[in-house]
Every structure is written in structure tokens, then in C-alpha cells.
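The block underneath contains the structure these notes are about, expressed in C-alpha cells.
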Amino acid sequence: MRSRPKLAKGLVVFSMAWLLLLSSSFGSYWLLWPLEHQYSVRTAAPKHACVVMVLGSGHDDALMGEARHKLSTTALARLTEGVAQVKKAASNDCLLVVSGWTGGLNSSSHAQQLRDAAVAMGANPNRILELPDARDTIEEALALRQAFGAAATDMGDDAVGGRQLLLVTSAAHMPRAMKIFKMAGMEPVAAPTDFLARRDHWWRLSTANLDNSAKAIHEYLGMTWLSIRIMLGA
């Protein structure tokens, strides 16, 4: 770069401008809004027979307190929405599905922590199905598809596969999650939560905005990688 000082200076200026944009309220909102507004908040009550699938998002066994205290902020938001969707059902014929592995750092699975927290929130422990081995959204979709038959037998249902599937995840993650579950042969109904895009003064800078921008970029990259896998037939 010493031989090309103008290029080096240009790269520095570009990097600083990009960092400022991602840290601004305008930048994070601009990235998140197209993702979070593809699916509306689910206000209708589930049909009499349903499966409410809550996608995992991490926990920490080392934290003190009850299960809900160990969940990440995102995981707690997703679980709260999932339990609320189950409680909206006119009957008790809804199955809450929670998923997630240990993350390689914890002794308990994320699914177990979600289950314990859901029970503390008032969910029926006999109507909760755990998928403790799923490590990402693709594995969660495949695990749910494989578990349908087992759940029907274990819980006395005639045909879980005929139930309405409600998919609960963060609003920014919902477009990619819906695509993955449809690729797995399911027809989910979106129940987004954990909305991050907030209107604010465009010039306000914060690390929270930078984190939100990073989450949005992660989803765009995930969608791109998913499209590449589809084209390659993976």
C-alpha cells in the first residue's frame, strides 16, 4: 500500500464510512426493515390442532438462576412468543416444540433449557417436544420432520402431520427459516417476534445498532449461501 497511498487512503475512508453507517440508526434500520417486514405479527389464534415450533438461540449454563435467566435475549423473546401462541389455542391440542443442542459449551441442551423455561411460564410439560440435537435451522427443520411420527405415537395423537405448523423465530431470521422449512416439505405459518428495527434519529450511533446491522448481514449472507446450496443441489 506504500506505493499506492491514494488507494490506501481511499480504503481507510471507505472502511470508516461503512462502520459509521452500520453503527447508525439509519444504517441498521435500512438493513433490518426489508427482512423484518416480510411477515406480519401473528395475532390469530392457532387452529384446534397445531405444532408451535420455537427455533433455538443459545443459553449459558454458568449463569445463576432459573432456566429463563440462562437463555439469551433472543431465545427468551422467541420462547415467550411460542408459549403465547400455544395459550391462544381454543383447546389444549397444541404441541410446543423446542430445539437446540448444547452449543459445545454447556452440559444441558438448549432444548432442555427452553422446555424448563416454558414450563415455568405455564406451558403444559406433557405437551412439549424437545429436539436436543439440532445445531442450526436446517437441522431443526429436518429433526421436526423426522419427529412428527414419533410425537404422534408418544403423545397419543392420530396425525401430527395434519396439524397447523406455526414457526416462531426472530423477525429478521424468519424469511430464511420459512424457506428452509418449506424446502423440508412443510407449510409453516410465520409467527415472528424479536423485532429489532426501531425508528430513531438517523444520526444516532451505538454499538447496539452495529450489532443489529451484523445480525442483518448474517441473514443476507445466510440467504445467499442457501441459494448457492440449492443451485448446487446440496
Side-chain angles (χ1 to χ4, degrees), residues 31-58 74-75 77-79 81-86 88-89 93-101 110-111 114 128-152 155 157-197 215-234:
L31 287 170
L32 283 168
W33 193 92
L35 294 170
E36 294 193 341
H37 285 74
Q38 291 188 36
Y39 296 95
S40 301
V41 173
R42 176 75 180 174
T43 57
K47 295 180 179 179
H48 64 87
C50 69
V51 171
V52 179
M53 175 70 180
V54 178
L55 301 188
S57 187
T74 300
R78 294 179 183 181
L79 181 63
E81 180 65 23
V83 173
Q85 290 295 330
V86 170
K88 283 182 182 180
D93 200 15
C94 272
L95 178 67
L96 178 65
V97 182
V98 292
S99 65
W101 67 311
H110 187 54
L114 288 172
I128 300 177
L129 174 65
E130 296 179 49
L131 304 176
D133 299 319
R135 295 175 294 180
D136 56 29
T137 307
I138 293 177
E139 291 190 5
E140 286 174 316
L142 295 177
L144 180 63
R145 188 178 66 182
Q146 294 170 359
F148 266 6
M155 300 198 174
D157 299 321
D158 294 329
V160 174
R163 293 166 173 263
Q164 181 185 42
L165 171 60
L166 270 63
L167 183 61
V168 179
T169 189
S170 301
H173 179 52
M174 187 61 78
R176 182 158 60 101
M178 288 289 285
K179 189 171 185 178
I180 289 172
F181 274 74
K182 288 179 179 179
M183 287 172 56
M186 290 170 273
E187 291 296 331
V189 175
T193 188
D194 188 33
F195 289 84
L196 299 175
K215 291 177 180 178
I217 292 173
H218 174 81
E219 290 304 322
Y220 287 119
L221 292 176
M223 287 291 287
T224 301
W225 175 239
L226 184 61
S227 297
I228 292 174
R229 292 186 62 172
I230 292 173
M231 287 190 297
L232 297 177

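Note: hydrogens, waters and symmetry copies are ignored here, and every other heavy atom, side chains too, is used.
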Notebook entry, point to check: Excluding sequence neighbours, so at least two apart, what forms side-chain contact (heavy atoms from CB on, under 4.5 Å) with Asp136?
Noted result: Ile138, Glu139
Item checked: Set of side-chain hydrogen bond (donor to acceptor under 3.5 Å, both in side chains) partners for Ser99, sequence neighbours left out -> Glu140
Next item on the list: Report yes if the side chains of Leu131 and Val97 come closer than 4.5 Å at any heavy-atom pair, otherwise no.
Entry: yes
Notebook entry, point to check: What do the steps show when you test Val98 against Ile128 for side-chain contact (heavy atoms from CB on, under 4.5 Å), and what is the final call?
Noted result: CA-CA 7 Å; Val98 292; Ile128 300 177; 4.1 Å; yes
Check: What is the minimum heavy-atom distance between Ala111 and Pro132, and which atoms define it?
Finding: CB-CA, 3.9 Å
Checklist line | Arg145 side-chain N/O to Ala184 backbone N/O, donor-acceptor pair under 3.5 Å | finding: yes
Next item on the list: Sequence neighbours left out, what passes side-chain hydrogen bond (donor to acceptor under 3.5 Å, both in side chains) with Gln38? Give chain and number order.
Entry: none
Note to self: Quick check for you: to the nearest 0.5 Å, what is the distance between Met53 atom CE and Leu144 atom CG?
What the structure shows: 5.0 Å
Please list every donor-acceptor pair under 3.5 Å in which a side-chain atom of residues 171-178 meets a protein atom from a residue at least two apart or in another chain.
residue, atom, partner, partner atom, Å
His173, ND1, Glu219, OE1, 3.3
His173, ND1, Glu219, OE2, 3.2
His173, NE2, Thr137, OG1, 3.0
Arg176, NE, Glu219, OE1, 2.9
Arg176, NH2, Glu219, OE1, 3.3
Arg176, NH2, Glu219, OE2, 3.2

Note to self: Quick one, Val189 and Leu165 - any side-chain contact, counting heavy atoms below 4.5 Å?
What the structure shows: no
Next item on the list: Begin from the C-alpha positions of Val83 and Leu96 and carry the test side-chain contact (heavy atoms from CB on, under 4.5 Å) through to its verdict.
Entry: CA-CA 7 Å; Val83 173; Leu96 178 65; 4.2 Å; yes
Margin query: Using modelled atom types and a 3.5 Å cut-off, is there a donor and acceptor pairing between side-chain atoms of Arg78 and backbone atoms of Thr193?
Written below: no
Notebook entry, point to check: Quick one: ring pair (Phe, Tyr, Trp, His ring centres under 6.0 Å) partners of His218, sequence neighbours excluded?
Noted result: none
Check: Quick one: salt bridge (Lys or Arg N to Asp or Glu O under 4.0 Å) partners of Lys215, sequence neighbours excluded?
Finding: Asp211
Check: Less than 4.5 Å apart, any side-chain heavy atom of Asp93 and any of Arg163?
Finding: yes
Note to self: Using modelled atom types and a 3.5 Å cut-off, is there a donor and acceptor pairing between side-chain atoms of Glu81 and backbone atoms of Val168?
What the structure shows: no
Margin query: Are Phe195 and Val41 packed together at the side-chain level, in the sense that at least one heavy-atom pair is separated by less than 4.5 angstrom?
Written below: yes
Check: Who passes salt bridge (Lys or Arg N to Asp or Glu O under 4.0 Å) against Glu130, sequence neighbours left out?
Finding: Arg115
Run the side-chain donor-acceptor check on residues 221-228: report pairs under 3.5 Å with partners two or more places apart or on a different chain.
residue, atom, partner, partner atom, Å
Thr224, OG1, Tyr220, O, 2.9
Ser227, OG, Met223, O, 3.0

Next item on the list: For Leu114 and Ala75, work out which heavy atoms get closest and say how close.
Entry: CD2-O, 4.3 Å
Notebook entry, point to check: If every non-hydrogen atom of Met186 is compared with every non-hydrogen atom of Ala141, which pair is closest and at what distance?
Noted result: CE-O, 3.3 Å
Item checked: salt bridge (charged side-chain N to carboxylate O under 4.0 Å, His left out) contacts in which one or both residues fall within residues 178-197, not counting sequence neighbours -> none
Notebook entry, point to check: Out of curiosity, Leu55 CG to Ile180 CD1, how far, rounded to the nearest 0.5 Å?
Noted result: 9.0 Å
Notebook entry, point to check: Is the backbone N or O of Ser57 less than 3.5 Å from a side-chain atom of His110, with the two atoms forming a donor-acceptor pair by type?
Noted result: yes
Notebook entry, point to check: When rounded to the nearest 0.5 angstrom, what is the spacing between CG in Leu166 and CG in Leu95?
Noted result: 12.0 Å
Next item on the list: Any chance you could measure Ser170, atom OG, to Leu32, atom CG, to the nearest 0.5 Å?
Entry: 10.5 Å
